[in-house]
Amino acid sequence: MEDEAEEAAVTRTSKTDRSQPAYVERADRKPFTTVLNDLADAFDAKPVAAAPPSGPTASSGWFPPPNPLLVIEVRPPAFRIRRSTSATRKPYTQRMIRRLLPAVLISAAAFVVAVASHPASVAAAAKRPAVAATPSPTPSPAPSASPEPLDKAIPRLEARLKADPTDKEAAGSLAGDYLQISRPDLALQLTQKLLAAGSKSAQTYYFDGLAQSGMSHQKEALADFEQAANLEPTNPGVLGTLTSMYLQEKRPQDAERIAKRAVTFNKNDKNAYLAYGQVLAAEGKFDEARQQLENAVKIDPKDVRPILIEAQTYQQQNAMALAAGLYERALTIDPNSVEALVGKGRLAAADHNVKDAIATYERLYVLQTDPNDKAAVIDQEAIVYANEKMDTEATAAYQRGIAQFPNVLSAHTSFGDYLLSKNDKAGAEREFISGAGPNRDQLDALARLGQLYAGENQLSKAIDQFKRVSQLAPNDPRSHLLLAASYSANKQFGQAVTEFKASYQLQHTPDALMGLGQADLQTRNYNECAQVYDALDKGAPDLSRQNPTILFGLGQCYQGAKQPDKAKAAYVKLLGYVKPGSQAANEVKSLIAAIDRQQKPAPKKPTTPAKN
């Protein structure tokens, strides 16, 4: 009944709203590096041929922890979005940061353990390519994809907007172009001005949502996409993006509801079925998911994407033979499908079939035209060899990539990873320095170099690397968070406070608050310290249970602020979270007893009777 009511409401809305934007077909093929990032983000529930924890990783990005079928590859509404083909990586993950922050006064040995986690590829919203979608039945005129290169379009639109700051069309188009060059900060300035000026169209909300997401403002991004969906409730591109966002926010029921709506009102749109299938797969409803994916295949038998996703669902269930059959089916339709070849190669590597894995990657190598993509393929071959402990072949493969593509700096970084896994720290340092480039502007190499120096207890050098990372990515909260944690490890707490605050201003994360509270405690800023820890305890109670240092820090800060009653309350609450009879419990009891002794009034001196 709920679905029927929503459908009726949407139908009434769509009858009065004739402003759905048009769509533009895209036939471009994704670069190999982009495919690797997409697969790592979306499909690697069971990593195939993954390197050992301390071993080499693919040059296309440091893969985050598996998150199966999270990213729905839907083409956004044709609001003149153009995709950049460069593959970018961000050298840090939340897992890495959480391991870096808990202890402020950590030793260098502890510090290297904290930073040795795998940094992730760039946020999906910034790198996800557009894919084709069926035009809405009643589209209104909307900007269409232009063949004009971005390096010419952006200056032209900037000049046009400078001449007439009220030109909303130019502002909207420029915002879309800024998004394509990974400048969500500039796009956000324009979309916020458009919204403030009353230009509250679905396109504006959609662009603002993409910009907010690019700035890691997920709450604001979700609100924007919901507004866009309210304005255009049957637009498959808007609904697809909203579906993906709900999945990222761990709201699968809402994701399924929106995906189902997209299918209901776009029965001939293969992408709607594709998104619905991915949502069902994310919920573990694999049989239903495959039905929807096969519906997409029926609409367009030449599109291999549904087949590839279906193959991934079988990988989720460890049915590798069925997955392999689907990859072969995809290659029968499109022999040059990069995604299918990647899947086939990874399955072969996972099965320790080195010969077939290398042969598949060599097929991929021939298909690539960009030097970065060719080097990435060679890196994959090196990883296959490394995982099989064929060190001579692995070293030769890495060196082949460097020799053939000397301008691809990531080849040095990948080789550095491998050398570090073999405990050749001098060699790793050499390659990371080369990977950073002459201008020291390659984020991943700089971050790895910082980790290496931290592990060697060269914290000043580590700070120099992370400082450079924060300069290159000033609008990324994680860059400031890593620098702040590095300062704390080096007992430079004043600088740490500044960076923790910078991170928190960009994104309100518990990690930034925890680090700020610890740094405030060390700088004896007890009032702010207490405010920070109190906000953590009240706003994230589960986090307090998992991290007793929050309540301990709260008690310490209240004691420093000379508020013993509140300090005792924090310790009493902490006592309920630690194991009874443990050393931690005894220490907390000692803190409580000390406060009680301080608060206990001194005994009155006996009065001596007055002498007569």
Side-chain angles (χ1 to χ4, degrees), residues 29-50 58 60 63 66-74 124 128-129 131-132 240 244 247 259 270-353 356-361 363-364 367 377 380 383-384:
R29 189 180 300 277
K30 288 184 289 184
F32 174 71
T33 46
T34 304
V35 171
L36 286 177
N37 283 334
D38 287 346
L39 288 171
D41 286 344
F43 303 128
D44 277 351
K46 190 176 183 63
V48 180
S60 61
F63 295 163
N67 204 347
L69 298 171
L70 178 64
V71 177
I72 294 180
E73 188 180 337
V74 293
R128 194 167 306 124
V131 293
S244 179
L247 277 183
K270 62 182 179 182
N271 291 304
Y273 289 103
L274 189 66
Y276 192 18
Q278 288 181 278
V279 171
L280 293 170
E283 295 179 293
K285 302 175 182 178
F286 295 115
D287 290 337
E288 296 177 54
R290 290 165 192 143
Q291 290 177 5
Q292 300 303 324
L293 294 170
E294 287 298 330
N295 286 336
V297 174
K298 291 176 183 177
I299 294 174
D300 186 357
K302 295 183 179 180
D303 189 345
V304 298
R305 289 178 302 142
I307 300 172
L308 296 172
I309 296 169
E310 192 173 347
Q312 297 293 340
T313 66
Y314 281 118
Q315 284 184 256
Q316 289 274 76
Q317 295 183 296
N318 205 31
M320 300 304 180
L322 294 173
L326 285 165
Y327 285 129
E328 291 295 348
R329 176 184 168 189
L331 288 170
T332 300
I333 298 170
D334 181 3
N336 295 331
S337 170
V338 173
E339 295 92 334
L341 288 170
V342 169
K344 180 180 178 179
R346 286 186 166 186
L347 283 182
D351 197 35
H352 305 286
N353 188 339
D356 285 355
I358 297 300
T360 302
Y361 285 131
R363 285 180 61 185
L364 273 169
L367 293 174
V377 175
Q380 288 294 305
I383 289 172
V384 172

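No hydrogens, no waters, no symmetry mates; every other heavy atom, side chains included, goes into these values. Predicted model only: the values in this text are computed from it and were never measured.
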Closest contact, heavy atoms only, Ala330 versus Val304: O-CG1, 3.6 Å

CA sep, side-chain torsions, deciding dist, call: Gln292, Val279, side chain to side chain contact (heavy atoms under 4.5 Å, CB included): CA-CA 10 Å; Gln292 300 303 324; Val279 171; over 6 Å; no

Derivation of the side chain to side chain contact (heavy atoms under 4.5 Å, CB included) call for Arg346 and Tyr361: CA-CA 9 Å; Arg346 286 186 166 186; Tyr361 285 131; 3.6 Å; yes

Gln380 vs Val342 side-chain heavy atoms within contact, under 4.5 Å: no

Separation of Leu293 CG from Glu310 CD (nearest 0.5 Å): 6.0 Å

Worked check of side chain to side chain contact (heavy atoms under 4.5 Å, CB included) between Leu367 and Leu341: CA-CA 11 Å; Leu367 293 174; Leu341 288 170; 3.6 Å; yes

Gln312 side chain near Tyr327 side chain, heavy-atom distance below 4.5 Å: yes

Nearest non-hydrogen partners of Pro301 and Ile333, listed with the distance: O-CD1, 3.6 Å

Donor on one side chain, acceptor on other, Gln291 and Tyr273, under 3.5 Å: no

Atom of Ala281, atom of Thr313 and distance for their closest heavy-atom approach: CB-CG2, 3.9 Å

Atom pair CZ/CG of Arg290 and Leu326 - distance to nearest 0.5 Å: 8.5 Å

Main-chain N/O of Pro335 paired with Arg363 side-chain donor or acceptor, under 3.5 Å: yes

Contact check, side chains of Glu339 and Arg305, non-hydrogen atoms, under 4.5 Å: no

Atom pair CG/CG of Asp356 and Leu347 - distance to nearest 0.5 Å: 11.5 Å

Shortest non-hydrogen contact from Leu331 toward Ser337: CD2-O, 4.1 Å

Asp303 side chain near Val297 side chain, heavy-atom distance below 4.5 Å: no

For Thr360 against Gly345, the heavy-atom pair lying closest together: CG2-N, 3.7 Å

Heavy-atom closest pair, residues Ala296 and Pro306: CB-CG, 3.7 Å

Asn295 CG to Leu274 CG distance, which is reported to the nearest 0.5 Å: 11.5 Å

